[in-house]
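What follows is a set of notes on a single structure, which appears directly below.
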Amino acid sequence: MGLPGIDFPGFGTGLVIRRSDGKILLYKRMKPPEAGHWNIVGGKVDHMEQSADAARREAEEETGLSIGPVTFLGVCEQRIEADRQHWISMLYVTEDFRGEPTLTEPDKLSDFGWFSTDALPSPLSVFTQEAVRLLERS
């Protein structure tokens, strides 16, 4: 059958979580694709799951936050040659969340923080670069 993103393009989703001061929440990845890169939260869309629901689910799993409604930002295609991975992702944004972010998946993510879009950490994943570009255009 194969693995999504590796043996055939995977279908993913991502969510920009933005505070009222404009800062966005980023996590540092520990596993491919783009291990060591700062990233918005997200992951795979499950079979028969709406991508917006997947964005909310993944964000809640990865941050410990309670996420409200999300708004569509755009689509991103990531071809990450270094990891030989290919993903097509639906990107969303929300400012509707409750709680304080935590490191709920320390086997996958090593650090997190709130960042201004004009002072982002490095390296930044392709996924996140595109989300920030779309965010600034919206």
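These figures come from a predicted structure and were not determined experimentally.
Within the structure, side chain to side chain donor-acceptor pair (under 3.5 Å) pairs that include any residue of residues 60-77 comprise R57-E61, S66-R98, E77-H86 (at least two apart or interchain). Residue pairs that meet the ring pair (Phe, Tyr, Trp, His ring centres under 6.0 Å) test with at least one member in residues 7-33, sequence neighbours left out, are Y27-F112. Within the structure, every pair that satisfies the ring pair (Phe, Tyr, Trp, His ring centres under 6.0 Å) test and touches residues 57-82, not counting sequence neighbours, is listed here: F72-Y92.
Here R18 pairs with E95 under the salt bridge (charged side-chain N to carboxylate O under 4.0 Å, His left out) rule; sequence neighbours left out. Taking the ring pair (Phe, Tyr, Trp, His ring centres under 6.0 Å) definition, one finds that F115 meets it with W38, sequence neighbours left out. A search for side-chain hydrogen bond (donor to acceptor under 3.5 Å, both in side chains) contacts involving E34 returns nothing, not counting sequence neighbours. For D107, there are no salt bridge (charged side-chain N to carboxylate O under 4.0 Å, His left out) partners, not counting sequence neighbours. In this structure D53 satisfies the salt bridge (charged side-chain N to carboxylate O under 4.0 Å, His left out) test together with R56, sequence neighbours excluded. Not counting sequence neighbours, the partners of E130 by the salt bridge (charged side-chain N to carboxylate O under 4.0 Å, His left out) test are R133. Evaluation of the ring pair (Phe, Tyr, Trp, His ring centres under 6.0 Å) rule for F127 yields no partner, not counting sequence neighbours.
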Might you work through the side-chain contact (heavy atoms from CB on, under 4.5 Å) test for L65 and L25, ending with a clear yes or no? CA-CA 11 Å; L65 296 170; L25 182 61; 4.1 Å; yes
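In plain terms, the two heavy atoms of N39 and T128 that are nearest each other are CA-OG1, 3.1 Å. Here the shortest heavy-atom pairing between R29 and L109 reads CA-CD2, 4.1 Å. Nearest heavy atoms, A59 versus I67: CB-CG1, 4.0 Å. Contact record, E58 with G42: OE1-O, 3.5 Å, taken as the closest heavy-atom pair. Nearest heavy atoms, G10 versus P4: CA-CB, 3.9 Å. Residues P33 and I80 share a closest heavy-atom pair of CB-CD1, 3.7 Å.
V75 and I40 end up in different hydrophobic clusters when Ile, Leu, Val, Met, Phe, Trp and Tyr side chains are linked at under 4.5 Å. A chain of hydrophobic side-chain contacts below 4.5 Å, direct or via other Ile, Leu, Val, Met, Phe, Trp or Tyr residues, connects I24 to V93. Side-chain heavy atoms closer than 4.5 Å link hydrophobic residues (I, L, V, M, F, W, Y) into clusters, and following such links, even through other members, never connects L124 to W114. In this structure, L103 is not a member of the same hydrophobic cluster as L26, with clusters built from ILVMFWY side-chain heavy atoms closer than 4.5 Å. Under the 4.5 Å side-chain heavy-atom criterion for ILVMFWY residues, no single connected hydrophobic cluster contains both L73 and I88.
The hydrophobic cluster around W87 extends to none of the other residues, as no ILVMFWY side-chain heavy atom falls under 4.5 Å of it. Other cluster members for I6: L3, joined by side-chain heavy-atom distances under 4.5 Å among Ile, Leu, Val, Met, Phe, Trp and Tyr.
No donor-acceptor pair closer than 3.5 Å links the side chain of S89 to the backbone N or O of G14. Of the possible donor and acceptor atoms, one in the side chain of T13 sits under 3.5 Å from a partner among the backbone N and O of M90.
Side chains of P32 and Q85 form a contact here, defined as non-hydrogen atoms less than 4.5 Å apart. Proximity of F97 to V70: side-chain heavy atoms (C-beta onward) are nowhere separated by under 4.5 Å. Taking 4.5 Å as the limit, every side-chain heavy atom of L91 sits out of range of all side-chain heavy atoms of V16.
In this structure, the separation between OG on S116 and CZ on R19 is 10.0 Å, given to the nearest 0.5 Å. Summarising the geometry, atom NZ belonging to K23 is positioned 9.5 Å from atom CG belonging to D118; distances are rounded to the nearest 0.5 Å.
Within 6.0 Å of atom CD in E81, more than 12 heavy atoms from other residues, nucleotides or ligands are found, so the atom counts as buried in its surroundings. The number of heavy-atom neighbours closer than 6.0 Å to CZ of R84, taken from other residues, nucleotides and ligands shown, is 12 or below.
D96 and T94 share no side-chain donor-acceptor pair at under 3.5 Å.
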